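The block underneath contains the structure these notes are about, expressed in structure tokens.
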Amino acid sequence: MKKTFLLFLGSMFFIACSSELDVENINEPNREEVLRGADGVRALASGLFNTWFIQEQHNFGSPGPAMWVMADWGTVTWANYGTLDMSMEPRVFLDNSPSYAYHSVINNYWRYMYSVTTTANDVVLAIQNGLEIGENGSETAMVKGFSHFMQGLGNGYIGLVYDKTFPSDENTDYETLLVTDYAASINLAIEQLEKSIEIFDNNDFVLPEDWINGNAFTSGDMSKLAHSFIARLMVYSARNKEQTEAIDWLSVLEHTNKGITEDFNVEGDGNGSDRKWMSWYKYYLARPNWGKVDMRVVNLLDESIPANWPDGGVNDLPHEGKIISNDKRILTDFEYDASNNRPERGMYRWSTYRYSRLDDYINANFFAPVILMRKAEIDMLKAEALLKLNRLSEAADIINSSTRVTRGNLPEVLVNENDISKAITYERTIELALTGMGIEYFDMRRNGNLQDGSLLHFPMPAQQLEVIQESFYTFGGLAPQFGTPNEDVSVNGWYKP
């Protein structure tokens, strides 16, 4: 059935990003004028990553916090950002109605990701139609390659989060654009990132450092980053174990081999009304007296401690819930904190630890680097690809030269499938927390481990359904449960209350 893409479509040039996420008129008449001028088009391209970053690292306007608790990596007793609702035990379905108090976590993210995509489309189309950027066209390739990169991030992250999408590029007729499933967005995103790589690999430029704040990336650096995001999309888009096994792991290996070789950060610019490179996502979920580490993760670090809070409280936990482990990261990344509150909201939410690795960021008033992708992430994707390809010795070598030994001071992993698989899961759980949005959730989802009743993706927002005159729908829950088991809603996961 044909569905018209009518939503909140428009250039991000007309969107004023603020802490309240106010959105101005997106149909202002000077849009075409802006797109005819080289300076205007360059300005649009320069803001693309920031718009993506703000939503990827937001709290109110992002599903990231809800994903974090659905993955049972983190736990909260506060109700903000839909975290309380989406971590209920037993799980409940998502309220996908415009009146839901926290509907912004899916509605705003949808709007702004499509703003990124359609603005990038506009920039590429303007260049395709002959517009040159910079003196004698000196910046045309840079702007075009960067805009293809951002098309990929926009379409790709829509495909990671939602079940249905409107994938688009510079040649799309929005009046006849059809609804597709998420896989079409992922596939198009990868094609767009590959286009960006072709441009990056065949040109020599340095990106202005305020485009990705604090990073004067060369074209070679951008190529590595694009390869890394392709690997992310290929792996994290899987909704279950069967899809994970069907991934083209040889291609994942090829992209990780060409991926980043050091952590990817953006430079934070402080906490103020005019600031635009801050991560509220990290700040709230890791700050003291707010988010805590779920007991599932505490149990991973010390198997003598149960993965669920006991009825008798902390006194029923071995050594009062204090982790005993040879992993040195227990001392650097985690802080013992047995204080908890709001028992009426469920003591299953209680924990004996908080995540302290980001304390320097929290205490710097946002004047600090914001981690978006660790080298360890690409290392572990590479190791996993080698494991899937039965190249066990190579997989072990990657693990033993990475954070397991360099930060954890743990013994080298043995060359066997079971130990390597467990080591990858362990390293990903410990190293990648609160970096890129949703990684903990995507990992649990693709391995079939999300708690029973958790949604495997978010439905199209109710406001979009109203525009295309479709009925509201949703996913998740146990009784009642909405969605197809193992396709839309988790079954046979790590825990079922």
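What you see is a predicted model; the values in this text were computed from it and never measured. These numbers come from the heavy atoms of this one structure, side chains and all, not from hydrogens, waters or symmetry mates.
- The ring of Y353 has its center no closer than 6.0 angstrom to the ring center of W73.
- Using modelled atom types, one finds no donor on one side chain facing an acceptor on the other under 3.5 Å when comparing E335 with S356.
- Classified by interplanar angle (parallel below 30°, tilted 30° to 60°, perpendicular above 60°), the ring pair Y81/F60 is perpendicular.
- By the 6.0 Å contact criterion, CD on E262 is open, its count of non-hydrogen atoms from other residues, nucleotides or ligands being 12 or less.
- A salt bridge does not link K375 with D263: none of the charged nitrogens is closer than 4.0 Å to a carboxylate oxygen.
- Side-chain contact check for S402 and E427: no donor-acceptor pair (N or O, by modelled atom type) lies under 3.5 Å.
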Where do D95 and D85 land on the side-chain contact (heavy atoms from CB on, under 4.5 Å) test, with the steps shown first? CA-CA 9 Å; D95 181 356; D85 295 339; over 6 Å; no
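- Taking the six-membered ring for Trp and the full ring otherwise, the centers of W52 and Y157 sit less than 6.0 Å from each other.
- Side-chain atoms of N486 and K241 form no donor-acceptor pair, as typed in the model, at a separation below 3.5 Å.
- In the displayed structure, D316 atom CG is contacted under 6.0 Å by more than 12 heavy atoms of other residues, nucleotides or ligands.
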Trace of the side-chain hydrogen bond (donor to acceptor under 3.5 Å, both in side chains) decision for N107 with S104: CA-CA 5 Å; N107 181 39; S104 63; over 6 Å; no
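- Relative orientation of the H227 and H255 rings is tilted, given thresholds of 30° and 60° on the angle between their planes.
- Shown here are the salt bridge (Lys or Arg N to Asp or Glu O under 4.0 Å) partners of E209, two or more places apart in sequence or in another chain: there are none.
- Taking the six-membered ring where tryptophan is involved, the planes of F475 and Y473 are perpendicular, since the angle between them exceeds 60° and thus also 30°.
- Side chains of S490 and S454: a donor-acceptor N/O pair is absent below 3.5 angstrom, by distance only.
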Let me see the working for W78 and Y284 under side-chain contact (heavy atoms from CB on, under 4.5 Å), right down to the final yes or no. CA-CA 11 Å; W78 311 110; Y284 274 103; over 6 Å; no
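- Between Y361 and Y283, the distance from one ring center to the other does not fall under 6.0 angstrom.
- Surrounding CD of E303 are at most 12 heavy atoms belonging to other residues, nucleotides or ligands under 6.0 Å away.
- Side-chain contact, S421 with N418: no donor N or O sits under 3.5 Å from an acceptor N or O.
- Under the 6.0 Å cut-off for aromatic ring centres, W277 and F53 qualify, their centroids lying closer than that.
- In this model, a donor atom of one side chain and an acceptor atom of the other lie less than 3.5 Å apart for Y426 and D327.
- Ring orientation note: the planes of F482 and F93 are nearly perpendicular, at an angle over 60° on the 30°/60° scale.
- Annotation: cation-pi pair R239/Y182 present, NZ/CZ under 6.0 Å from the ring centroid and within 45° of its normal.
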